[in-house]
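For ligands, and for the atoms within them, numbers begin at 1 and follow the listed sequence. For clarity, every value in this text was computed on a predicted model and none was experimentally measured.
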Amino acid sequence: MKIVTIVGARPQFIKAAAVSRVIRTEINEVLIHTGQHYDNNMSEIFFQELNIPEPNYNLNVGSESHARQTGHMMIGIEDILIKEKPDAVMIYGDTNSTLAGALAAVKLHIPIIHVEAGLRSFNLKMPEEQNRILTDRISTILFCPTVIACNNLKAEGITKNVHDVGDVMCDAVLHYEKHMEKKSKEYFFNNLLDLDDNVVPVTDHWYLATIHRAENTGEIVKIKNILEALDKLDKPVIFPVHPRIRRTILELNELNQYNNIRFVQPIGYIEMLYFTKHATKIITDSGGLQKESYILRTPCITVRPQTEWVETLDGNLNVLTEPDTNEIIDKVFHTQNDFNKYKPHYGNGDSAKKILQIIRNTI
Ligand code: UD1
């Protein structure tokens, strides 16, 4: 069986690493990198660190408006699908690379396998929500990470070939956590570079923050409110800066001097697991990091009005906040976490195996 897998953005490299390792034992996988993420520390570092096979094709689309970026991906993907004639196309999550792959495949009548199907924020202004709803509607096999995701699909009338297999990101966390434990604290801090390429000093305790969603980074006042909150916390905040907001951060920092925030360059996956696991708390708007902190039992504060990962909210292990300075500070200092409420909602690390078995029986 031949499957063409399409990846393009950072979280997809992590998901594909977990799944490819398992499916390649039986399936001929052809890998397309759309080039949506192209900086070394947004892309290549993951291929090396996670041992992902070299992509067979790189479309090098780079950054453009949503329609242009998605359109250019579709054109490139269509040519490859016509040439490769796969039995199915596999796509992950909710990015523009996901939707481009789905649209190119459905028009050629190639079955679509969607990993991480059924998630909903019910906010159609988010590009991710647009991408997921459209992708799910035209997918052939839908692998849901949670029961709630399966129920979301049911509510939309999608019931055929829907499977709750757990979350492939949980596979990745449990697998790479072992690699992380072999390395020292000094090793991880030595790999933490600030935006001027200087190594960041070691600290005993820290918060970890990431902010990159369009809904938070589109308006300067929101970013400012968030940074002001982080600057007032009682321990240093390690803040890997997504390229989308690098320039804004540099300008704001020059004006305001956020001395409590250690702005650093994007870091690799194993580094991220280390700084997440040992952080006092996480402040983020990333979907992946909400789950990683849940699985690693670090309390999380999510700067968004809603989350697709509602299971993490039980016991206040994750709480939502507006991008409001006082609300963020209040939630960081005063949220009581009840870890007795923790449940393995995202599986036990065997999602990729379940995916392989179902593909074998369906395609
Ligand atoms: C994308 C996904 C988002 C996911 C995120 C993970 C969509 C609509 N969004 O958002 O769901 O959470 O990836 O990181 O697909 N840039 C660089 N170098 C890079 C990549 C991006 O400089 O390697 C800059 C460019 O200025 C670009 C901007 O970041 O315009 C946004 O990149 P894009 O890929 O469009 O979306 P993300 O914000 O990364």
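A side chain to side chain donor-acceptor pair (under 3.5 Å) check over residues 1-14, counting only residues at least two apart or in different chains, returns the pairs K2-E84, T5-E29, Q12-T95, Q12-T98.
When hydrogens are left out, the protein atom nearest atom 12 (O) of ligand 1 is H212 NE2, 3.1 Å; that is the closest non-hydrogen contact. Nearest protein heavy-atom neighbour of atom 18 (N) of ligand 1: D39 OD2, 3.0 Å. In terms of protein heavy-atom proximity, atom 2 (C) of ligand 1 is closest to T95 CG2, 3.9 Å. Nearest protein heavy-atom neighbour of atom 3 (C) of ligand 1: E128 OE2, 3.3 Å. Here the heavy atom of the protein found nearest to atom 38 (O) of ligand 1 is R244 NE, 2.8 Å. Protein heavy atom at the shortest distance from atom 6 (C) of ligand 1 is P11 CD, 3.5 Å. The nearest heavy-atom contact from the protein to atom 8 (C) of ligand 1 is N96 OD1, 3.4 Å. In this structure, atom 25 (C) of ligand 1 lies nearest to the protein heavy atom S63 OG, 3.1 Å.
With D94 as the fixed residue, the salt bridge (charged side-chain N to carboxylate O under 4.0 Å, His left out) test singles out one of R213, R132, K15: R132. With Y207 as the partner, the side-chain contact (heavy atoms from CB on, under 4.5 Å) test is satisfied by one option alone out of L230, I261, L233: L233.
Atoms of ligand 1 lying under 4.0 Å from any heavy atom of H66, numbered from 1 in the order shown and given with element: 8 (C). Under a 4.0 Å criterion applied to the non-hydrogen atoms of P127, ligand 1 contributes the atoms 8 (C). Listed by atom number, the atoms of ligand 1 under 4.0 Å from P243 heavy atoms are 16 (N), 17 (C), 18 (N), 19 (C), 22 (O), 24 (C). Taking every heavy atom of D94 and a limit of under 4.0 angstrom, the matching atoms of ligand 1 come to 11 (O).
Outside the 6.0 Å centre-distance limit, the rings of H33 and H37 are not counted as a close aromatic pair. Note: W206 and F189 meet the aromatic proximity criterion, with ring centroids under 6.0 Å apart. Ring-centre distance between F13 and F47: below the 6.0 Å cut-off. The distance between the ring centers of Y294 and Y342 falls below 6.0 angstrom.
With rounding to the nearest 0.5 Å, the separation of NE2 in H205 from NZ in K281 is 14.5 Å.
For R246, the closest heavy-atom approach to ligand 1 does not fall below 4.0 Å.
Among the atoms of Q36, some N or O lies under 3.5 angstrom from an N or O of ligand 1.
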If you look only at distance, which donor and acceptor atoms sit under 3.5 Å apart when one is on a side chain in residues 164-173 and the other is two or more places apart or in another chain?
| residue | atom | partner | partner atom | Å |
| --- | --- | --- | --- | --- |
| D164 | OD1 | G166 | N | 3.3 |
| D167 | OD1 | M169 | N | 2.9 |
| D167 | OD2 | K291 | NZ | 2.6 |
| D171 | OD1 | D350 | N | 3.4 |
| D171 | OD1 | S351 | N | 3.1 |
| D171 | OD1 | S351 | OG | 3.4 |
| D171 | OD2 | S351 | N | 3.2 |
| D171 | OD2 | A352 | N | 2.9 |

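No more than 12 heavy-atom neighbours from other residues, nucleotides or ligands sit within 6.0 angstrom of CZ on R68.
In this comparison of E44, Q12, R247, H37, the heavy atom closest to atom 39 (O) of ligand 1 sits on H37.
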